[in-house]
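First the structure, in the form of structure tokens, and then the observations on it.
Please read these numbers as outputs of a predicted model, since none were measured by experiment. We name chains A, B, ... by the order of the sequence lines, and we start the count at 1 in each one.
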Amino acid sequence: MKELKIFGIVAIFTLVLYWGVEPFAHSQMHKHVEGEHLAYSDLKETPKGDATKGEALASACIGCHSINVKNMPAPMDAVASAAAYGVNPPDLSFAGAMLDEKFFAHFLLNPAEVTKSKHFAMPPSAGSIQDAADIVAYFKSIAPKEISPKEGFEFACGRCHANRYAKWTQIGTVPKTKANITTGVDLDALEFKKNLGMYQNALAKYMGKLPPDLSIIIRSRSEHFLETLIENPQSQLPGTAMPRVGLNKEGMEKVMTYLEETGDPSKPLREDIGWKVILFFIIFTILAYLWKKSMWKGHH
Amino acid sequence: MAHFEKANSIGEWLDQRLAVETLKRVLQTEYWIPKNINFLWAMGMVLAATFGILLVSGIFLLMYYQPNVNSAFDSVNYTIMSEVGYGWLWRHIHGVGASIVFLIIYIHMFTGIYYGSYKKGRELIWLSGMGLYVAFSAEAFSGYMLPWGQMSYWAGMVITNLFSGGSLHADGLVEWIRGDYVPGQAFLNRFFMLHVLLIPLAIIGLIVLHFGTLRIPHVNNQDGEEIDFDEAAKLYKEGKVKESKVIPFSPVFLSKDVLVMGVYFILFFYLVFYHFEFAMDPVNFDPANGLKTPTHIYPEWYFLWSYEVLRPFSTNIGLIAFAIAQVIFFLLPFLDKSPNVAPASRRGLFKFWFWAMLIDMLVLTFMGKLPPEGIWSVIGLVAALVFFALWIALPIITAKEKKL
């Protein structure tokens with residue numbers, strides 16, 4: 001009994017210590033941003049759109065964007081686009097599935113204001129809220145049912161942020177190239193590096209600095225921080241150049257899944273073997289208890 | 001050369017050449033431990049086991065870690081965490097182990113303080129133990145540099161800056177320690193060497209010394225009772241195990257150690273698999289960047305109390321306070337003037353001193369992590385002053401203590 005009492009005192013002090021240096025300290029160090037669960041409540045409700053009318057209006061989009069699901073290529077490659085606009089405009093195949101409907105429509109009317117980004121490259125692109133709603137309806141109608149986390153990340157984050165642990169760069173996945181066998185020179189790799197460098201220079205000029213690599217952002221920031229940051233970058237980083245991208249729930253899930261898969265790949269295995277190791281030590285402890293009991297027999 | 005008979009077994013062959021039977025008797029079966037102990041007496045073996053785990057996991061990490069400012073971060077966070085099979089497991093074990101080892105060290109220390117296990121012939125146990133505490137601190141700090149993240153870099157910057165000595169402006173000393181004006185390749189390389197070679201060697205040496213210092217004064221017991229070990233051992237060997245006040249280290253004491261270790265490992269591996277964030281600061285998952293200071297720079301939890309002794313004062317006074325805090329625990333056996341070896345609960349004012357010190361260090365630890373603003377800096381200052389007041393009071397209150 002006395003030992004249990006001593007153990008209780010040690011346990012209480014240890015827990016208080018943990019509480020003080022972890023949950024309590026972190027609650028005091030970081031301001032808490034409540035987030036609004038992707039409600040985008042600063043934007044008004046939009047009228048119902050008509051996909052057929054939207055299709056006609058969307059023909060203007062391919063002046064800058066590609067729509068790969070409709071086999072419509074972009075007029076310029078990533079590097080040339082970045083030279084022209086500062087950033088490569090996204091492929092619009094997934095826009096209807098990834099973006100919040102209300103956000104998307106208001107965004108078409110006034111990109112700079114809705115993204116809360118002072119110098120957003122895209123100009124206002126819809127004449128009225130009804131036109132905007134029609135375009136949104138069109139993109140919703142063409143978006144594929146299944147979007148992978150990687151595709152979601154590329155659409156939402158991947159043109160500004162690299163993910164080097166997943167071999168992703170702002171201009172695409174690092175290609176597999178072969179070096180010249182006698183000299184060791186890999187001209188294709190050098191070409192890719194040069195293009196990436198040109199893209200990054202243009203991007204850094206557009207954004208003010210090169211946006212950070214997101215390889216293990218899932219471990220350096222909490223999930224809550226990332227979700228509220230993506231929902232409204234100004235809430236967590238006032239003054240940041242990062243635009244509000246207006247993801248919907250599915251879009252956010254894709255992005256977070258991808259960040260977790262690349263930044264914390266051991267999670268499934270960890271959860272699978274963790275309890276087995278713990279079970280091993282529970283059995284170990286039971287056996288140790290029986291051994292101790294037999295060893296101490298007759299000692300008291 | 002000595003005369004050797006033909007041996008009849010491997011055991012005998014070894015005994016002739018290494019005296020293994022004598023070793024076994026001296027180190028295990030006739031190394032006597034008091035019977036009147038509780039689970040806190042197992043913390044030494046728990047520490048030895050944790051050190052073993054740190055050593056083994058460290059060896060595995062060492063096979064893939066690259067001590068280079070350009071590749072260190074990715075060798076840890078990419079190569080070890082996702083390319084090497086179970087690399088993540090070794091890293092989590094190493095990270096959690098490095099943090100938990102300090103929890104056990106503090107429990108071990110405060111056990112010693114509570115039961116007066118540093119007094120009357122046991123001074124060297126305490127001093128070698130404090131040596132281990134310092135060596136483990138250096139080991140933890142140097143290891144923290146290696147992933148070369150933001151916290152590695154900036155903690156390295158802040159701590160090495162302390163050596164400028166405030167108004168002494170010993171900037172040359174700081175540069176000499178860093179091998180550069182700011183932490184860079186030379187800095188990373190030397191801390192790598194310290195972490196994987198020099199300090200572990202010192203730790204192993206000190207562990208041997210720490211065990212050695214226990215031999216003659218023997219382990220203390222729950223009542224601080226002075227035991228005639230020869231007589232008690234004689235009783236035990238005669239089979240009067242119930243009457244004897246001692247037990248052999250192996251297997252009787254060890255069986256209890258192993259039981260405590262089992263409970264400890266359940267907790268340890270729970271933390272490794274499901275709750276490791278406390279030991280792996282998120283800020284250190286951003287690569288080192290000398291141009292971008294993190295919003296909050298703080299040491300790992302086990303250094304927070306001494307950091308908070310430094311922080312509330314002006315630079316020079318703070319540094320002096322910090323230097324005193326680093327060594328004051330070494331002086332404990334000499335500042336405690338009481339003749340009694342007994343649990344704190346039976347020692348009059350010392351009882352209050354013990355709990356006041358424990359709670360004060362807890363408060364210092366909390367404040368050390370919080371931003372030094374408003375009420376937090378006031379509480380930090382008061383706790384730091386209380387810390388020194390307690391040390392000044394110690395010789396006075398213990399000198400007045402009545403002999404039990």
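- Only the side chain of B/Tyr298 comes within less than 4.5 Å of a heavy atom in chain A; its backbone stays farther off.
- Proximity to chain A (any heavy atom under 4.5 Å) is restricted, for B/Ile107, to the side chain, taken from C-beta onward.
- The closest donor-acceptor contact from the side chain of A/Gln28 to the backbone of B/Pro371 lies at 3.5 Å or more, if one exists at all.
- Within 6.0 Å of OH on B/Tyr274 lie more than 12 heavy atoms contributed by other residues, nucleotides or ligands.
- Taking all atoms of both residues into account, the shortest heavy-atom contact from A/Trp291 to B/Ser255 is CZ3-CA, 3.4 Å.
- With hydrogens and angles ignored, the 3.5 Å screen pairs a side-chain donor or acceptor of B/His296 with a backbone N or O of A/Met29.
- For B/Tyr114, no part lies near chain A; criterion is any non-hydrogen pair under 4.5 Å.
- Of the atoms belonging to B/Phe278, heavy atoms from both backbone and side chain fall under 4.5 Å from chain A.
- For chain A, the option among B/Asp281, B/Ile359, B/Val263, B/Asp257 with the highest count of heavy-atom pairs below 4.5 Å is B/Val263.
- Between chain A and the residues B/Asp286, B/Leu370, B/Thr295, the largest count of heavy-atom pairs under 4.5 Å involves B/Asp286.
- Within 6.0 Å of CZ in A/Phe7 there are 12 or fewer heavy atoms belonging to other residues, nucleotides or ligands.
- Interface remark: A/Val10 contributes side-chain atoms only to the contact with chain B (heavy atom separation under 4.5 Å).
- Looking at B/Gln222, only its side chain comes within 4.5 Å of chain A, counting heavy atoms on both sides.
- The closest side-chain heavy-atom distance from B/Lys35 to A/His299 is below 4.5 Å.
- Note on B/Glu243, B/Lys240, B/His92: by heavy-atom pairs under 4.5 Å with chain A, the leading option is B/His92.
- Using cut-offs of 30° and 60° for the angle between ring planes, the B/Phe269 and A/Phe281 rings count as parallel.
- Residues B/Leu259 and A/Thr285 share a closest heavy-atom pair of CD1-O, 3.7 Å.
- Among residues two or more places apart in sequence or in another chain, the salt bridge (Lys or Arg N to Asp or Glu O under 4.0 Å) test is passed with A/Lys249 by A/Glu253.
- Listed by first and then second residue, the salt bridge (Lys or Arg N to Asp or Glu O under 4.0 Å) pairs that reach into residues 18-31 of chain A are A/Glu22-B/Lys369, sequence neighbours excluded.
- B/Leu267 does not touch chain A: none of its heavy atoms, backbone or side chain, sits under 4.5 Å away.
- Across A/Phe13, A/Tyr289, A/Phe24, A/Phe284, the residue that shares the most heavy-atom pairs under 4.5 angstrom with chain B is A/Phe13.
- A/Ile218 does not touch chain B: none of its heavy atoms, backbone or side chain, sits under 4.5 Å away.
- A/Val277 is not listed as a side-chain neighbour of B/Val272, based on a closest heavy-atom distance of 4.5 Å or more.
- With values rounded to the nearest 0.5 angstrom, A/Asp272 atom CG is found 10.0 Å from B/Phe273 atom CZ.
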Practice task
May I have the step-by-step check of side chain to side chain contact (heavy atoms under 4.5 Å, CB included) for B/Leu89 and A/Leu269, ending in yes or no?
Solution key: CA-CA 10 Å; B/Leu89 179 57; A/Leu269 192 57; over 6 Å; no
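- If you measure heavy-atom distances from A/Phe280 to chain B, you find no contacts under 4.5 Å at all.
- Neither the backbone nor the side chain of B/Phe268 comes within less than 4.5 Å of any heavy atom in chain A.
- In terms of heavy-atom pairs under 4.5 angstrom with chain A, the leader among B/Tyr264, B/Tyr106, B/Phe253, B/Tyr86 is B/Tyr86.
- B/Tyr270 and A/Ile278 make their closest contact through CA-CD1, 3.6 Å (heavy atoms, listed as atom of the first residue, atom of the second, distance).
- Residues B/Asp74 and A/Tyr165 bring a donor and an acceptor atom of their side chains to less than 3.5 Å of each other.
- Here the closest heavy-atom approach between residue A/Ile216 and residue B/Phe73 is recorded as CD1-CZ, 3.6 Å.
- Proximity to chain A (any heavy atom under 4.5 Å) is shown, for B/Met367, by neither the backbone nor the side chain.
- Scanning all heavy atoms of the two residues, the minimum distance from B/Phe366 to A/Gly20 falls at CE1-CA, 3.4 Å.
- Here the CG-CD1 distance, from B/Leu40 to A/Ile6, works out to 6.0 Å after rounding to the nearest 0.5 Å.
- Heavy atoms closer than 4.5 Å to chain B are found in the side chain of A/Trp19, but not in its backbone.
- Counting heavy-atom pairs closer than 4.5 Å to chain B, the top residue among A/His30, A/Arg270, A/Met295, A/Lys2 is A/Arg270.
- Shown here is A/His224, whose NE2 atom has more than 12 heavy atoms of other residues, nucleotides or ligands within 6.0 Å.
- Neither the backbone nor the side chain of A/Lys293 comes within contact range of chain B, judged by heavy atoms closer than 4.5 Å.
- The candidate with the highest count of non-hydrogen atom pairs below 4.5 Å against chain B, out of A/Arg219, A/Arg164, A/Lys292, A/Arg221, is A/Arg219.
- Of the two parts of B/Tyr236, only the side chain, counted from C-beta on, holds a non-hydrogen atom closer than 4.5 Å to a non-hydrogen atom of chain A.
- Here B/His275 is the residue among B/His275, B/Gln150, B/Glu277, B/Met261 with the most heavy-atom pairs under 4.5 Å with chain A.
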